Enquirer: 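Next up is a structure, given as structure tokens.
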Amino acid sequence: MSVIRIKKYSSIANRSLQNILAYRISYVIGFLANFLNLLAIYFLWHGIYSGRESLGGYTWDQMKTYLLVTFLANAVLSWYSETSISGKILDGSVAADLLKPIDFQTARFAETLGSSLLEGTLSAVLIGVFLLFTSGVSVPHSPLVYGLFAVSLLAAMLVKFGVVYLAALLCFWSTGSLGIVWTRIALTNLLSGALVPLAFFPGWLEKLALWLPFQSIIHTPTMIFLQQAESWEALKLIGIQCFWGVALWIAGKFMWNWAVRQVTIHGG
Amino acid sequence: MSLSRMFYLYKKMYSQQLKAILEYNKDFYILMFSAALTQVLGFIFLWVIYDRIPDINGWKFWEVTFMYAMIFLTEGIASLFFEGTWRMSRLVNQGELDRYLLRPVPVVLQIFCTGIGINGLGNVLIGGVIVWQSLVHSNLEWSLTKIAIILLLLITAVIIRVSINLAGNSAAFWIRNARNAFPLMVHNLADLAKYPITLFPQAIRIFISTALPYAFISYYPATYIFGKSEWSGWWMLAPVAAIGSAAAAYGIFRLGLLRYESTGN
């Protein structure tokens, strides 16, 4: 039984990967756009650090690493998976999903994993190119750190999926997704540390951010990769990530059960 | 066709769109709010940075916020009044452009009025407030000429912005794909002009001053307003950039239109 279940969802993941490959030119352009954004941010920080040793406890070399890790963590779950969930709700094709013997949430997660595979590989390649042209990026040496980092990146994905899924379900009540998506992106960027490391925030804002789930998405992976959290501390952080991942998953289940009762689908 | 006639037609078509958009008002507020929020969070980013350092490359907090807000302000105006450029890929892919070609009204004008991006209102409001605050906090010496020049620079900035949008979205004639991300990439390059262009390598500086003259929306006006002596006089190129980009955008659009071949149903 469980083998069949895994097969079911892995074929969904595969389909989502194929879907991206079919629209590859647009996908690559979209990806390049993100990369240009990274360049802009890189040079901005370069200017900020000119003539300064360290800021907010980060040296320029550490900040470079921070930016690259942020790019990677952001890229593995991007715009693409976001719009496909809300799109289903808005155009009513969710009605067909209700009839299928699969769990909506798991199926969407499988889809996300499928596209993340490609997104992760692509961004790893781009980061490699980037590293060729920059020097001084501090990279950890111990394999343990890489292992922990990989685990925390996976956990970060689960948390981000949770946030994205909850935001997408809000589309049951609205007629468009763009506003919700933008709000979600803006809040996540600020509170996860994607815009600026949380250590730069004024005390109260940093505390608030650390209490919210968003910090698991960027802040935790970067802490581990920059070795600002030693092994036990790192495990604790991953534990917090897992907590948020599971909590958001359950919240998503509840919200889904409540939201499907709101469905109004016109014609067909 | 005379200018006043075009303006009249624009007003007519625009008010029809306005009626349509007011039907979905829940979305309306969410969009406006989200656009404003995005901008405010970027502002917080700058504020957090400047809390720790006095200047970036000689640029002070309120000078950078001016550049930052100009990008959003012009984007807001463009999406409020010229949002239609963003619907071009749909118009081309679904053959809806046929209708426009049959009417005795300039096609570009009809495209401009194909939609209203109500999120622009949020951008215009917050962008306007930040620009205003930037001017207030910078101890400027005001004169009538200065006000006139600032207004001129604002107008050229909007023209440049809309022209780039039109040119970027004309890619729809070449890339026939409903998920064409090329215009978005062109649009995102404006991010480079949110900050002083001196931060960037020479190649990028030249690129955003010539090929995609985003720097004339934010940076060059800022050098004039805040009296950066090493760049004095550069703002005078802004009208040239505006006329050049408008002409180029229209040229690209006409060229694309020649390639247009409906959908066949």
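Just so it is clear: chains get the letters A, B, ... in the order the sequence lines come, proteins before strands, and each one is counted from 1. Computed from a predicted structure; not experimentally measured.
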Enquirer: Any non-hydrogen side-chain atom of Ile49(B) less than 4.5 Å from a side-chain atom of Leu55(A)?
Expert: no

Enquirer: Counting only heavy atoms closer than 4.5 Å, note whether Leu190(A) contacts chain B via side chain, backbone, both or neither.
Expert: side chain

Enquirer: Quick one: which of Asn188(B), Asn119(B), Ile44(B), Asn57(B) has the most heavy-atom pairs under 4.5 Å with chain A, could you say?
Expert: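 The candidate making the most pairs under 4.5 Å is Asn119(B).
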
Enquirer: Heavy-atom cut-off 4.5 Å, strictly under: side chain, backbone, both or neither for Trp47(B) against chain A?
Expert: side chain

Enquirer: Show the nearest heavy-atom pair for residues Gly47(A) and Leu199(B), with the distance to one decimal.
Expert: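 So the minimum-distance heavy-atom pair works out to CA-CD2, 3.3 Å.
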
Enquirer: Might you point out which heavy atoms bring Arg52(A) and Asp55(B) nearest each other, and give the distance in Å?
Expert: NH2-O, 3.2 Å

Enquirer: What heavy-atom pair brings Leu187(A) and Leu37(B) nearest, and what distance separates the two atoms?
Expert: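 Of all heavy-atom pairs spanning Leu187(A) and Leu37(B), the closest is CG-CD2, 4.2 Å.
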
Enquirer: In this structure, are over 12 heavy atoms from other groups packed under 6.0 Å from Trp62(B) atom CH2?
Expert: yes

Enquirer: Look at atom NZ of Lys88(A) and say whether more than 12 heavy atoms of other residues, nucleotides or ligands are closer to it than 6.0 Å.
Expert: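 For Lys88(A), atom NZ is crowded (more than 12 foreign heavy atoms under 6.0 Å).
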
Enquirer: Which bit of Phe33(B) is near chain A, if near means a heavy-atom gap under 4.5 Å: side chain, backbone, both or neither?
Expert: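 For Phe33(B), the side chain is the part near chain A, not the backbone.
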
Enquirer: Side-chain contact test, heavy atoms from C-beta onward, threshold under 4.5 Å: evaluate it for Leu189(B) versus Leu36(A) and give yes or no.
Expert: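 Yes. Closest side-chain heavy atoms under 4.5 Å.
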
Enquirer: Hey, could you give me the CD1/CG distance between Ile48(A) and Leu46(B), rounded to the nearest 0.5 Å?
Expert: 8.0 Å

Enquirer: When rounded to the nearest 0.5 angstrom, what distance separates OG in Ser50(A) from CD1 in Ile53(B)?
Expert: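 CD1 of Ile53(B) is found 8.0 Å from OG of Ser50(A).
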
Enquirer: Hey, are the side chains of Phe43(A) and Ile197(B) touching, using non-hydrogen atoms and a 4.5 Å cut-off?
Expert: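 No, every pair of side-chain atoms sits at 4.5 Å or beyond.
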
Enquirer: Under a 4.5 Å heavy-atom cutoff, which of Leu195(A), Val196(A), Leu205(A) has the most pairs with chain B?
Expert: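 Answer, by heavy-atom pair count under 4.5 Å with chain B: Leu195(A).
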
Enquirer: Using heavy atoms and a sub-4.5 Å threshold, report which of residues 219-231 of chain B line up against chain A, by residue number.
Expert: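 The stretch does not come within 4.5 Å of chain A.
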
Enquirer: Is it true that atom CH2 of Trp258(A) has more than 12 heavy atoms of other residues, nucleotides or ligands lying nearer than 6.0 Å?
Expert: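 Atom CH2 in Trp258(A) is not crowded, with 12 or fewer foreign heavy atoms closer than 6.0 Å.
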
Enquirer: For the candidates Gly56(A), Pro202(A), Gly179(A), which exhibits the highest count of non-hydrogen atom pairs separated by less than 4.5 Å from chain B?
Expert: Gly179(A)

Enquirer: Is the CZ atom of Arg52(B) crowded by more than 12 outside heavy atoms at less than 6.0 Å?
Expert: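 Count over threshold, so yes.
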
Enquirer: So, for Trp182(A) and Ser34(B), which heavy atoms are closest and what is the spacing to 0.1 Å?
Expert: CE3-OG, 3.4 Å

Enquirer: Between Phe45(B) and Asn189(A), is the side chain to side chain contact (heavy atoms under 4.5 Å, CB included) condition met? List the steps.
Expert: CA-CA 10 Å; Phe45(B) 165 70; Asn189(A) 275 347; over 6 Å; no

